[in-house]
Amino acid sequence: MNPFYLLVSAALFALGAYGVLARRSAILVFMSVELMLNAANLALVAFARAWGSLEAQAVALLLIALAAAEVAVGLALVVAIYRTRETTLVDDLSELKG
Amino acid sequence: MSLLDLFLGALLLLTGFLAVRLKNAVHAALALAANFILVGVVYMLLEARFLGWIQIIVYAGAIMVLFVFVIMLLYAAQAEVGADPLPGLKPLAAAVGVVGFLALTYAFAGAKAPLAAKAASAALAGGTAEALGPLIWQTWLYAVLLVAALLLVATVAAVTILRPGEGGGR
C-alpha cells in the first residue's frame, strides 16, 4: 500500500497534539483539536483507499458531522466562559471556582 | 507516491505547522482553513470525491467561519500576549508530539493492504455520492440518525449555554 498519506496524517496528528499542549488561548487549543480530528479522518480515507472499502469513507463522513457538533458546543462554552471571566487564556481558568 | 503527493504532503505539514505556531489567531485560523482545503484535495486524490467536497464545504466553510467569527467576537486575535506562565512547556509539548508521531508510525507500519492498488481503486468507484449513498442510508442508517440527533442536541446546547440570564451568561 501507499503509506505516504498515513505518515502525513500521523505528522498532522502530532502537530495537533503539540498545539493542544503548547497553545494558551482556548480558541487556539480548540483549533489544534480540529487539526487532530482532521488527521484521524485523513488516516481513515487513506486506509479506505488501500483496502478498497467504502465503509471507512462512510465513517469519515459521520466524523465530519460529529466535528461540526463538537465545534458548536465547544465554541459556545468558550464564549460563555469569556462572558463570565473575560479571558480566553486557559492558564487563567485553572481554578474550579466559578 | 508521485510528485503531486509529495507537494501536497509538504503543503499540509507546512499549513499544519503554521496553524499551531502563528501568534495571531486569525492567521492561524487561515492556515488551518488552507490545511482543511488541502485535505479535501487529498481526499479527492484518494478516490473519496464526495468526502472531498463535504470536507471543503463543512470544514473549510462552516467550521472555519465559526472559528473566525468567535475570534472576532471575543477580540481574541492577539490572545497569546503577556508573560508565559509555563515557559518550559513548549519543548515538552514538542517531545510529546514527536513521541506520538513515532508511535503512530510504528502502529501504521504493521498494516498490510489485502488488495493491490488498482483493485482497491476500482472497489471504491471514485467515492462519489452515488457509491457512498447506499452504504450511508442502509448499513450505517442508525449511525446517521444518531449523529443527526446529536447535531440537534448540540445546537440546542449551544443556544442554551449562551442564553442570557440563568445558567451560562451572567
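From a predicted model like this one, the values you see are computed outputs, not experimental measurements. Within every chain, numbering begins at 1; the chains are lettered A, B, ... in the order of the sequence lines, protein sequences first and strands thereafter.
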Who among [options] has the most heavy-atom pairs with chain B under 4.5 Å?
options                    : result
A/N38, A/L75, A/L77        : A/N38
A/G74, A/A43, A/S32, A/A22 : A/A22
A/L21, A/V71, A/L54        : A/L54
A/V73, A/V79, A/V59, A/T88 : A/V79

task: Sort B/Y75 into side chain, backbone, both or neither according to what part of it lies under 4.5 angstrom from a heavy atom of chain A.
output: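 Only the side chain of B/Y75 comes within 4.5 Å of chain A.
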
Contacting region of B/A94 [heavy-atom separation from chain A under 4.5 Å]: both

- prompt: When the ring centroid of A/F47 is compared with that of B/F108, is the distance short of 6.0 Å?
  reply: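 Yes: the rings meet the under 6.0 Å criterion.
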
message: I'd like to know whether the aromatic ring centres of B/Y43 and B/F50 sit less than 6.0 Å apart in this structure.
response: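 No, they do not, as the ring centres are separated by 6.0 Å or more.
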
message: Need one label for A/E55: side chain, backbone, both or neither, based on atoms under 4.5 Å from any heavy atom in chain B.
response: both

task: Can you tell which part of A/T87 gets under 4.5 Å to a heavy atom of chain B, answering side chain, backbone, both or neither?
output: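 Looking at A/T87, nothing touches chain B.
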
field: Contacts of type side-chain hydrogen bond (donor to acceptor under 3.5 Å, both in side chains), residue B/N24, not counting sequence neighbours
entry: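 Counting only residues at least two positions away or on another chain, B/N24 forms no side-chain hydrogen bond (donor to acceptor under 3.5 Å, both in side chains).
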
query: Residues in side-chain hydrogen bond (donor to acceptor under 3.5 Å, both in side chains) with B/E47, at least two apart?
result: B/S121

task: Determine the option with the most heavy-atom pairs under 4.5 angstrom with chain A, choosing from B/A119, B/G97, B/A148, B/A122.
output: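 Most heavy-atom pairs within the cutoff with chain A belong to B/G97.
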
